[in-house]
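Here the structure is laid out as structure tokens; the discussion comes afterwards.
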Amino acid sequence: MELTQTYSIKTLLVFENTINKELIRSLHVYRLEDGKEKEDEREFVFRRDGPYVEMAANPLLRSQKFRVSELFHGSVTGLWLCIFAFHADRLPHLFPIPPVLSITRNPKLKSIPNLADDLQMIFRCGGGVEDERMSGVSPEETFEENQNHSSRSLPVFDQDLNCPPNLVSAIELSETQKGEQGTKGMIMMKKKKRATSKHVSRIAMEDLVKYFDVPIVEASKSLKIGVTVLKKRCRELGIPRWPHRKIKSLDGLIRDLQEEVAQWQREDEAAAFAVAKRRMMLETEKEIIERKPFIELQRETKQFRQDVFKRRHKARALKNQGIEVLNTNAT
């Protein structure tokens with residue numbers, strides 16, 4: 001970025017794509033000498049087996065109309081996970097530096113000076129805390145380390161996400177009550193402790209796909225984590241809502257069309273072919289949603305589902321009306 005005035009960095013946010021982790025976006029907010037602010041959004045490709053490259057970037061992040069000051073490490077906006085957040089107006093300036101953005105541990109950053117220079121400026125001011133134990137790690141190992149780092153959210157790393165902190169101190173008992181309920185309290189603590197943060201961070205998209213056809217409560221039991229923890233992990237992987245309802249709805253429509261095909265084959269082959277074609281389209285859409293659960297149902301599918309609901313409602317109304325007429329005649 002070329003600036004004719006002296007400037008300082010007010011905010012730097014770095015995001016990682018939850019689908020393709022080699023895609024990185026950064027949002028830079030500069031404070032100019034005359035007091036004005038300038039925003040600049042950039043996109044990079046962090047190739048694991050090649051140099052880093054800066055690409056022409058459209059204002060994708062800013063189009064989502066979020067407040068820059070409210071974003072922090074671990075925030076998710078659309079398909080982008082914030083892996084680094086610096087706010088000059090926020091104290092203290094002690095924040096985690098992911099390995100992939102560490103100047104000393106990842107020499108590939110030198111190939112993208114627009115990001116590297118701003119990071120270097122922040123680190124020179126004493127901002128950030130990085131782990132010096134791995135200063136000699138190769139860029140490939142740094143990339144792998146960053147996958148584990150970005151999949152966790154601050155400020156808790158090794159805490160059991162299913163249990164609130166300081167569980168024992170929250171239950172304040174008198175000395176006599178401790179003696180009577182000590183055993184019962186230990187049993188409750190054992191029941192609540194299910195999954196550690198390390199176990200949750202290892203849950204990948206491939207593990208979740210297996211349970212998209214069941215409600216989220218059943219999926220959480222199978223994965224041995226709480227529902228709230230599962231929802232949080234889904235958001236980190238770019239899944240805003242559990243897709244069970246969408247898939248169940250498609251399964252019902254596909255079943256109905258299978259029955260219609262069998263009926264139309266005896267009466268009209270052309271109509272049977274049209275129904276079979278619609279069924280194949282729904283099956284294809286279901287496969288896509290299972291692979292990419294953040295995709296919404298197509299507009300044609302929603303309209304077709306609404307038509308089916310109306311047809312069923314009308315059939316039930318006619319059936320109830322016929323029953324009422326029979327009852328009236330009988331009396």
Side-chain angles (χ1 to χ4, degrees), residues 1-18 20-46 52-106 108-131 142 146-147 149-157 232 235-236 238:
M1 181 189 68
E2 296 183 0
L3 293 172
T4 57
Q5 304 182 46
T6 304
Y7 67 93
S8 60
I9 300 177
K10 180 182 179 182
T11 300
L12 176 59
L13 303 173
V14 182
F15 297 83
E16 178 185 74
N17 190 281
T18 56
N20 183 357
K21 296 186 180 299
E22 291 188 351
L23 294 181
I24 302 293
R25 272 187 174 264
S26 61
L27 183 61
H28 309 243
V29 181
Y30 300 97
R31 183 183 289 120
L32 305 181
E33 190 177 12
D34 58 6
K36 296 181 180 180
E37 295 183 357
K38 178 177 176 59
E39 290 187 0
D40 198 2
E41 185 172 337
R42 300 188 176 99
E43 183 172 1
F44 309 91
V45 179
F46 279 27
Y52 293 171
V53 179
E54 181 172 356
M55 304 170 61
N58 296 322
L60 177 63
L61 295 173
R62 297 303 290 131
S63 64
Q64 301 187 30
K65 298 180 180 179
F66 54 78
R67 291 187 178 181
V68 175
S69 60
E70 295 180 353
L71 290 181
F72 53 89
H73 180 277
S75 298
V76 177
T77 172
L79 298 179
W80 298 91
L81 169 67
C82 184
I83 61 173
F84 179 84
F86 167 77
H87 298 279
D89 299 334
R90 191 175 299 172
L91 295 174
H93 293 163
L94 296 178
F95 44 82
I97 303 172
V100 75
L101 297 180
S102 171
I103 304 295
T104 58
R105 292 166 57 179
N106 189 7
K108 286 186 178 183
L109 286 172
K110 296 178 181 179
S111 61
I112 47 172
N114 283 333
L115 178 59
D117 291 349
D118 286 356
L119 288 170
Q120 189 68 33
M121 187 181 302
I122 293 171
F123 300 156
R124 282 175 184 169
C125 297
V129 178
E130 60 178 309
D131 188 357
T142 300
N146 185 64
Q147 307 311 307
H149 186 281
S150 62
S151 64
R152 300 190 294 258
S153 296
L154 287 180
V156 182
F157 289 94
K232 179 181 178 182
R235 289 192 294 270
E236 292 174 352

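- Residues forming a side chain to side chain donor-acceptor pair (under 3.5 Å) with Q120 (at least two apart in sequence, or on another chain): none.
- Residue pairs that meet the salt bridge (Lys or Arg N to Asp or Glu O under 4.0 Å) test with at least one member in residues 114-123, sequence neighbours left out, do not exist here.
- In this structure a side-chain-to-backbone donor-acceptor pair under 3.5 Å is present from T18 to L79.
- In this structure, F86 and L119 have side chains that are not in contact, with every pair of non-hydrogen atoms separated by 4.5 Å or more.
- Evaluation of the side-chain contact (heavy atoms from CB on, under 4.5 Å) rule for N58 yields no partner, not counting sequence neighbours.
- L32 has its side chain out of reach of E37: every pair of non-hydrogen atoms, C-beta onward, lies at least 4.5 Å apart.
- Of all heavy-atom pairs spanning D40 and Y30, the tightest one is CB-CE1, 4.2 Å.
- Residues forming a side-chain contact (heavy atoms from CB on, under 4.5 Å) with V76 (at least two apart in sequence, or on another chain): L81.
- Side-chain atoms of N106 come within 3.5 Å of backbone atoms of V100 as a donor-acceptor pair (strictly under, hydrogens ignored).
- Aromatic ring pairs are classed by plane angle as parallel below 30°, tilted from 30° to 60° and perpendicular above 60°; the pair F46 and Y52 is parallel.
- The shortest side-chain heavy-atom distance between I24 and F15 does not fall under the 4.5 Å cut-off.
- Legend: residues meeting side-chain contact (heavy atoms from CB on, under 4.5 Å) with E54, ordered by chain and number and at least two apart, are R42, F44, I112, N114.
- Between the side chains of H28 and S26, at least one donor N or O sits under 3.5 Å from an acceptor N or O.
- Qualifying salt bridge (charged side-chain N to carboxylate O under 4.0 Å, His left out) partners for R25, counting only residues two or more places apart in sequence or in other chains: E41, E43.
- With sequence neighbours excluded, the residues that form a side chain to side chain donor-acceptor pair (under 3.5 Å) with T77 are Q64.
- With sequence neighbours excluded, the residues satisfying side-chain contact (heavy atoms from CB on, under 4.5 Å) with V68 are T11, L13, L27, V29, E39, R62, F66, H87.
- Rounding to the nearest 0.5 Å places CD1 of I9 at 4.5 Å from CD1 of I122.
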